[in-house]
Amino acid sequence: MRPDTPAENVDHTAEAARLERTAGLYPEDAEALLLRAAAHLELSGDRPAATTLYDRLLSSSQGLENPHLVRALKASNLWEYDHEAEARAIIDGIRTAAPRDPAPWVIVAESLESHDELEAAEAAFTEAVTLLLPDGSEPPHSLHPLLFGRHRVRRMRGLPHDDRDTLADALHTSPVSLDELHDPKRVWSLGSENPAELKAEIQRLRAELGAYREALSRPFPVAMLHWPAAELTELLAAYPTLSVEYPSHDQHLATIESSLRELASSGTPNLGIVTGTVPSYEAFAASEGASPSDPILLPQYATTLAARGRAVAWPPEAGAGCWCGSGRAYGECHGVLEGAGAL
């Protein structure tokens, strides 16, 4: 959620203003855009303005996709400029609500951790893992930050490994182990006069920073455009020349899956899918001064939707529903196409 770019390299205030303007043009994407704008304001140092954006979202008459995440970000921001009591009240409310999305839990626990509330941070991480990860199940990628954060806090508290710490170790792919990254004694090596110790610590810090950037600052995905059946029927009725691009809905879905598999096999990272609607596409065409019947607009429309935060990651996580909207699990739907085993 938070742009991982130093303030001296980006005008975060200007970027926040641009995102606010974009949210005005695309109210259906306001939540994602305003959260990014608030992150830029935090990076610029204008935390009160960021809180104003969080409040704007929470008071919106339109329902939010993830209100708990907005509240968690607001709490974290408030605590950073001496509104501790209000931040704690919000955090307590989130923990009581027990959201099923890992993102608010990560923000809450890391906020507690950053203010040396290690016992409370561990409790929050553990509550989240217990709620979201049934025993014996394979943790999806979205739960990795919870397991890694719990491991880190427990290591700082000097607690022995338990089964979930062992699981976190197994999931960690960096060349530097979690035990090394989370060693509370590492800070002392930074004051060492031994070049070998300093070099080793620099390597550990680089590994830690790389993992942090990968988790929090992934680029926009290469996104394929998906039309639900009803939307595709409406699109082709209004613009029949596009039937060359979409001979049938089944073929359209198969083409999306096969194209994404081909991109994945070629090493293209961070793939995703965006779902189009006819009104949104027509509005985009009008903004470009072009006709919706022009097929050149289709990939441009997909890229624009991705840039507005509308992409979902592909392939779906284990056990998740298929991206096509069939209601079946991905592994029982488009995930069983030829070549699925390669993923």
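Only heavy atoms go into these numbers, but all of them, side chains included; no hydrogens, no water, no symmetry mates.
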Quiz item: Do we see a donor-acceptor contact under 3.5 Å between the side chains of E282 and Y239?
Solution: yes
Exercise. Would you check if the side chain of S259 reaches a backbone N or O of I256 as a donor-acceptor pair within less than 3.5 Å?
Key: no
Self-check item: L225 with L232, same ILVMFWY side-chain cluster at under 4.5 Å
Solution: yes
Quiz item: CD of E262: more than 12 outside heavy atoms within 6.0 angstrom?
Solution: no
Quiz prompt | Atom of L167, atom of P139 and distance for their closest heavy-atom approach | solution = CD2-CG, 4.1 Å
Quiz prompt | S266 side chain to L263 backbone, donor-acceptor under 3.5 Å | solution = yes
Quiz item: Does any donor atom in the side chain of R18 or T13 lie under 3.5 Å from an acceptor atom in the other side chain?
Solution: no
Quiz item: Is there a donor in the side chain of H12 and an acceptor in the side chain of D46, or the other way round, less than 3.5 Å apart?
Solution: no
Quiz prompt | Test item: H226 side-chain N/O and T275 main-chain N/O as donor-acceptor pair under 3.5 Å | solution = no
Quiz item: Quick check: does any side chain N or O of E234 sit under 3.5 Å from a backbone N or O of V278, one acting as donor and the other as acceptor?
Solution: no
Quiz item: Who pairs with T304 by side-chain contact (heavy atoms from CB on, under 4.5 Å), at least two apart in sequence or on another chain?
Solution: F284, R308
Self-check item: Beyond-backbone contact of E110 with W105, side-chain heavy atoms, under 4.5 angstrom
Solution: no
Quiz item: How about Y330 and W323: does a side-chain donor come under 3.5 Å of a side-chain acceptor?
Solution: no
Self-check item: Residue from D169, D162, D165, T166 passing side chain to side chain donor-acceptor pair (under 3.5 Å) with H151
Solution: D169
Quiz item: Hey, what's the ring geometry for Y246 with H252, parallel, tilted or perpendicular (30° and 60° as the breaks)?
Solution: perpendicular
Practice problem: Report the residues that fulfil side-chain hydrogen bond (donor to acceptor under 3.5 Å, both in side chains) with E20, sequence neighbours left out, ordered by chain and then residue number. | Solution: R56
Practice problem: Taking all non-hydrogen atoms of both residues into account, name the closest pair between L253 and C324 and its distance. | Solution: CD1-CB, 4.1 Å
Quiz item: Cut-off 3.5 Å, side chains only: do Y301 and S280 have a donor facing an acceptor?
Solution: yes
Practice problem: Using a 4.5 Å cut-off on heavy atoms from C-beta on, say whether the side chain of H161 contacts that of D179. | Solution: yes
Quiz item: Quick one: CG on L34 to CG on L57, what's the gap to the nearest 0.5 Å?
Solution: 5.0 Å
Exercise. Show your reasoning for whether side-chain contact (heavy atoms from CB on, under 4.5 Å) applies to W227 and L298.
Key: CA-CA 11 Å; W227 296 98; L298 296 170; 4.2 Å; yes
Self-check item: Whether R154 side chain and P160 backbone form a donor-acceptor pair below 3.5 Å
Solution: yes
Quiz item: Does the E317 side chain pair with the main chain of S142, one donor and one acceptor, at a distance under 3.5 Å?
Solution: yes
